[in-house]
Amino acid sequence: MSERYYCEGNSVKNMKMDHDSSYIYRRVSISANGNTPNAETERDLSDWQTGGQADSNVELRIEKNIENVIILYLHALDKRQNEVYNVRMMHHAVWRDVHQVPGISEERAGSRVEKYTKILPIGAKSDVDYKLEVKNIEVETTGTGPIYLEFCDNKAYAKVYLSNDGIKTINESTLLSRMFKDTVTSCLKSDRLLVIPSMFKTNVVEHCQFEMQKSTEQTSQGSPAVSGEGALNQCDLVPCLKLKSWPEFVRKKVEEIYNFTTSDGAKTSMFVVPTGDAVSTNRDYEWRLSFALLEIAIFRQMSDPQRRLYGLLKYVFKVIFEKIDLISTYHLKVLFLRRLEEDDLANATPISFVLDFLKHIVSLVEKQYIPHYFIDGCNIFPFHKCTREKIEKYKSKVNGGLLDMVRSEIKTIVAHDLSIPHNNWETWLTLAEKKLLNIKGEDFSEDWIAGYLTRLLSVIVYCLQKSHRQNQLDVAIANLFRLVTLNRSDKHVQRIVPLIQIVLEDMYKKQLTLSGSARIYVDARDKGSYFAHKAFHCYVQGNFNQAKAFLDHAKKTTCHGRTLGVTVTKFHKGVDAPLDFVIDFCDKELNSNRFYLFIDVMLLHLEIQDLMRNKQNHDVSVLLEKLVHAASNASIREPYTGKLSYRQSSLLLVKGYINNLAISSINLPSTTQLFTEFDEILFDRKGISNFDLR
């Protein structure tokens with residue numbers, strides 16, 4: 001007997017199976033909360049797999065088994081994403097608290113930090129939203145004060161005013177004066193000043209000097225963001241002002257359901273962002289209330305089934321409805337939150353829930369009504385986008401075989417993510433279930449986890465370097481200590497603590513002091529990485545003898561493929577010519593301020609540099625051959641897939657050597673085939689699975 005699994009509700013339970021692969025598959029009215037449901041039928045799955053006597057009707061077989069496959073898929077994705085959730089959240093927190101921009105708090109918001117099961121359409125990228133909060137000023141919601149709101153009839157929007165005291169506060173601060181430069185205009189009937197949102201948005205974004213290529217396309221009407229392309233994803237920068245208190249009209253029921261108290265005992269903050277109501281004649285002077293942090297808090301308090309169903313719903317909505325360009329995923333989110341007040345979805349089945357919800361959306365489109373989640377009596381339907389043609393397109397989706405469309409889109413994404421065919425339902429069901437059960441029993445890839453840790457360490461390294469150059473290092477380090485202490489109980493975060501320690505010691509002569517532990521231990525998997533980092537830090541500072549000693553230690557240590565790589569940033573410019581070549585390429589061609597080298601490549605690079613300093617050219621040629629071999633075998637999937645992978649950076653490093661040594665007496669290895677491959681690597685995102693999101 002071998003061990004297999006079957007589905008009951010939202011849980012996958014063990015059952016024994018004979019080696020002939022014939023086993024009982026229980027069809028149930030699936031209960032998403034994991035409670036035992038009522039069994040409808042119980043039959044031998046192998047019958048329909050082999051065209052046996054039971055259920056010759058394919059449609060009936062699909063109906064009886066597809067829900068189970070979807071639940072297995074959502075469970076597997078959710079478990080994988082939750083495994084590194086703390087690492088991801090610490091990454092965001094480091095950017096917010098260690099990356100110091102004078103007068104600004106940069107915090108990630110939106111879907112990247114909302115805790116639900118992420119399912120991206122094939123080839124799609126996830127935007128990264130940044131909330132740029134201007135510090136040291138808070139907006140009153142009571143209609144009086146130095147800077148205050150006056151709400152519009154649609155309470156989701158308001159105008160921002162400055163009194164004489166507010167003008168004085170801003171004029172006394174160099175930073176605030178910069179943020180509010182050319183943003184105020186006089187009011188005809190009073191001495192107060194109206195703050196113009198568009199100029200505020202421009203000033204804040206220019207002050208932050210965010211590293212992205214600003215988009216030439218206009219942002220959609222009603223968007224508070226300035227958009228651009230980062231190294232891997234589109235970035236949306238949203239300047240904002242913090243509210244001193246919540247408006248009194250925020251729905252009390254929301255506070256009754258969810259906890260909005262932060263870790264320091266304060267109430268979760270609300271903001272205003274610089275955009276007006278698209279259908280208002282005064283939209284150029286209006287700001288919109290932002291509940292982004294409240295929404296993040298709500299998602300963290302959802303049950304597993306709720307988060308998984310939302311992820312599935314959002315995916316299906318995007319692939320079926322989003323191109324119509326009417327209802328946005330934000331509208332979808334607020335409607336979902338409203339639904340949770342009526343139904344906790346404990347007994348929901350995935351496809352039935354999605355179908356019912358999409359029909360509900362279409363009914364609201366016909367009514368041209370979408371209720372705000374936090375404000376009663378506030379309709380946020382996008383009238384400025386609405387046409388009769390778009391409404392008819394929504395209706396035609398419902399009337400034109402919506403069930404078949406939903407099933408087909410789910411089948412397509414599951415087949416893509418599992419690398420199985422999807423032309424035949426029976427084959428898809430059989431292979432999907434088999435693969436998902438295998439995934440259920442597998443451990444998480446150590447390479448995949450090490451990639452997340454490499455990226456976390458990289459953002460720490462970069463933020464410390466930038467803060468150091470802005471004379472904000474002490475604040476950055478204090479915040480880093482706090483974040484490490486908060487997250488140290490996570491088994492994955494524990495692994496990077498020794499590497500954080502050597503960054504602080506070697507680069508800034510600081511000690512990482514953590515309560516409750518006298519020593520910081522290096523994980524056995526990371527000893528090679530530890531010595532490689534030490535060698536690189538010494539090399540950067542010109543301590544070549546110490547670098548050579550740590551290099552020798554590292555060469556004697558087994559370098560696991562599942563360990564952390566070394567980050568090189570734009571602040572390392574000038575260390576050596578080959579690294580400079582990669583830094584320049586990443587900056588100009590990839591819009592990236594850093595890249596990553598795996599341990600074996602970094603060690604070869606340091607060894608080559610040591611030999612070149614000692615004019616040992618023959619040995620350099622031998623090591624260059626090894627470097628080419630190591631580069632060609634470096635991972636194309638870690639720590640990011642594609643253009644910021646270890647392979648891409650390693651190949652660029654080899655190119656850097658070729659450019660640097662082209663006129664020297666050193667014999668260069670043959671790299672024709674290698675760079676033919678390099679030039680052809682486009683890393684089409686269509687090949688990226690939702691099990692491989694970064």
Side-chain angles (χ1 to χ4, degrees), residues 96 101 103-114 127-141 147-152 154-162 176 179-181 183-184 194-208 210 212 214-215 218-228 234-247 249-250 268-280 282-298 328-331 333-334 372-375 378 380 382 384:
R96 179 192 65 211
V101 178
I104 299 291
S105 173
E106 291 186 355
E107 184 168 6
R108 292 184 183 180
S111 60
R112 279 295 182 106
V113 289
E114 289 172 345
D127 296 349
V128 184
D129 298 330
Y130 290 90
K131 180 180 64 63
L132 311 181
E133 176 196 344
V134 176
K135 296 191 288 190
N136 302 319
I137 190 165
E138 293 183 342
V139 183
E140 296 278 2
T141 61
I147 181 168
Y148 61 91
L149 298 181
E150 190 172 278
F151 291 100
C152 304
N154 179 344
K155 292 182 179 179
Y157 295 90
K159 293 178 182 177
V160 176
Y161 289 99
L162 286 169
L176 289 178
M179 300 302 105
F180 285 87
K181 180 183 178 182
T183 65
V184 295
L194 181 66
V195 182
I196 302 173
S198 58
M199 285 305 302
F200 173 84
K201 178 164 68 173
T202 299
N203 291 345
V204 174
V205 171
E206 288 181 353
H207 170 73
C208 289
F210 204 89
M212 68 177 190
K214 194 172 179 180
S215 176
Q218 293 291 327
T219 54
S220 62
Q221 188 176 7
S223 171
V226 173
S227 298
Q234 178 176 309
C235 299
D236 291 330
L237 311 183
V238 182
C240 61
L241 292 168
K242 182 180 177 181
L243 302 188
K244 191 169 186 178
S245 61
W246 286 19
F249 52 76
V250 173
T268 303
S269 298
M270 285 179 52
F271 302 87
V272 283
V273 296
T275 190
D277 186 349
V279 297
S280 170
N282 293 315
R283 59 180 173 270
D284 292 339
Y285 303 100
E286 293 173 350
W287 300 61
R288 189 178 73 204
L289 290 177
S290 170
F291 301 83
L293 297 191
L294 280 68
E295 291 158 8
I296 292 170
I298 289 173
S328 70
T329 53
Y330 182 77
H331 297 122
K333 175 166 63 177
V334 299
H372 199 292
Y373 182 63
F374 295 96
I375 306 172
C378 180
I380 58 173
H384 62 293

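Counting from 1, the numbers follow the sequence of the chain as shown.
- Between Leu289 and Phe374 the shortest side-chain heavy-atom distance does not fall below 4.5 Å.
- Shortest non-hydrogen contact noted between Ala109 and Ile296 is CA-CD1, 4.1 Å.
- Nearest heavy-atom pair across Ala225 and Val238 is CB-CG2, 3.8 Å.
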**OP:** Please step through ring-ring contact (aromatic ring centres under 6.0 Å, His included) for the pair Phe151 and Phe249, ending with a clear verdict.
**Re:** CA-CA 11 Å; Phe151 291 100; Phe249 52 76; 4.9 Å; yes

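- Cys152 meets the side-chain contact (heavy atoms from CB on, under 4.5 Å) test with Tyr157, Glu286; sequence neighbours excluded.
- Using cut-offs of 30° and 60° on the angle between ring planes, the pair His372 and Phe291 is perpendicular.
- Under the salt bridge (charged side-chain N to carboxylate O under 4.0 Å, His left out) criterion, Arg108 pairs with no residue, sequence neighbours left out.
- For Lys333, the salt bridge (charged side-chain N to carboxylate O under 4.0 Å, His left out) partners are Glu114, Glu295, not counting sequence neighbours.
- By the 4.5 Å heavy-atom criterion applied to side chains, Arg288 and Pro197 are not counted as neighbours.
- A search for salt bridge (charged side-chain N to carboxylate O under 4.0 Å, His left out) contacts involving Glu138 returns Lys242, not counting sequence neighbours.
- The CG atom of Asp127 lies 4.5 Å from the CD atom of Gln234; values are rounded to the nearest 0.5 Å.
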Original post:
What do the steps show when you test Val226 against Asp236 for side-chain contact (heavy atoms from CB on, under 4.5 Å), and what is the final call?
Top reply: CA-CA 6 Å; Val226 173; Asp236 291 330; over 6 Å; no

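- Applying the salt bridge (charged side-chain N to carboxylate O under 4.0 Å, His left out) criterion to Glu206, with sequence neighbours excluded, gives no partner residue.
- Side-chain N or O atoms of Asn203 include one that pairs as donor or acceptor with a backbone N or O of Lys181 at under 3.5 Å.
- With contacts defined as side-chain heavy-atom distances shorter than 4.5 Å, the pair Ser105/Val101 does not qualify.
- Annotation: Asn136, atom CG; neighbour count of heavy atoms from other residues, nucleotides and ligands within 6.0 Å does not exceed 12.
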Original post:
Stepwise, does the side-chain contact (heavy atoms from CB on, under 4.5 Å) test hold for Phe271 with Val139?
Top reply: CA-CA 9 Å; Phe271 302 87; Val139 183; over 6 Å; no

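- In terms of modelled atom types and a separation under 3.5 Å, the side chain of His207 and the main chain of Gly103 share no donor-acceptor contact.
- One finds the SG atom of Cys208 at 4.5 Å from the CD atom of Glu106 (value rounded to the nearest 0.5 Å).
- Taking both residues in full, the closest heavy atoms of Val279 and His384 are given as CG1-N, 3.8 Å, listed atom of the first, atom of the second, then distance.
- Using a cut-off of 4.0 Å between Lys/Arg side-chain N and Asp/Glu carboxylate O, Lys131 and Glu107 are scored as salt-bridged.
- At least one donor-acceptor pair under 3.5 Å links the side chain of Thr202 to the backbone N or O of Ser198.
- For the pair Leu194 and Val160, the minimum side-chain heavy-atom distance is 4.5 Å or more.
- With hydrogens and angles disregarded, no donor-acceptor distance shorter than 3.5 Å links the side chain of Trp287 to the backbone of Ile196.
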**OP:** Let me see the working for Ile147 and Phe180 under side-chain contact (heavy atoms from CB on, under 4.5 Å), right down to the final yes or no.
**Re:** CA-CA 12 Å; Ile147 181 168; Phe180 285 87; 4.1 Å; yes

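- At a threshold of 4.5 Å between non-hydrogen side-chain atoms, the residues Ile298 and Tyr373 count as touching.
- Residues Ile104 and Met179 share a closest heavy-atom pair of CD1-SD, 4.0 Å.
- Here the closest heavy-atom approach between residue Val205 and residue Pro239 is recorded as CG2-CG, 3.9 Å.
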Original post:
Are Ile380 and His331 close enough, and set up right, to give a side-chain contact (heavy atoms from CB on, under 4.5 Å), and what steps lead you there?
Top reply: CA-CA 8 Å; Ile380 58 173; His331 297 122; 3.9 Å; yes

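- Within the 4.5 Å cutoff, side-chain heavy atoms of Leu162 are placed close to those of Val195.
- From Glu150, atom CD reaches atom NZ of Lys159 across 7.5 Å, with rounding to the nearest 0.5 Å.
- When every heavy atom of Ser269 is checked against every heavy atom of Leu294, the shortest pair comes out as O-CD1, 3.4 Å.
- Tyr285 pairs by the ring pair (Phe, Tyr, Trp, His ring centres under 6.0 Å) definition with nothing, not counting sequence neighbours.
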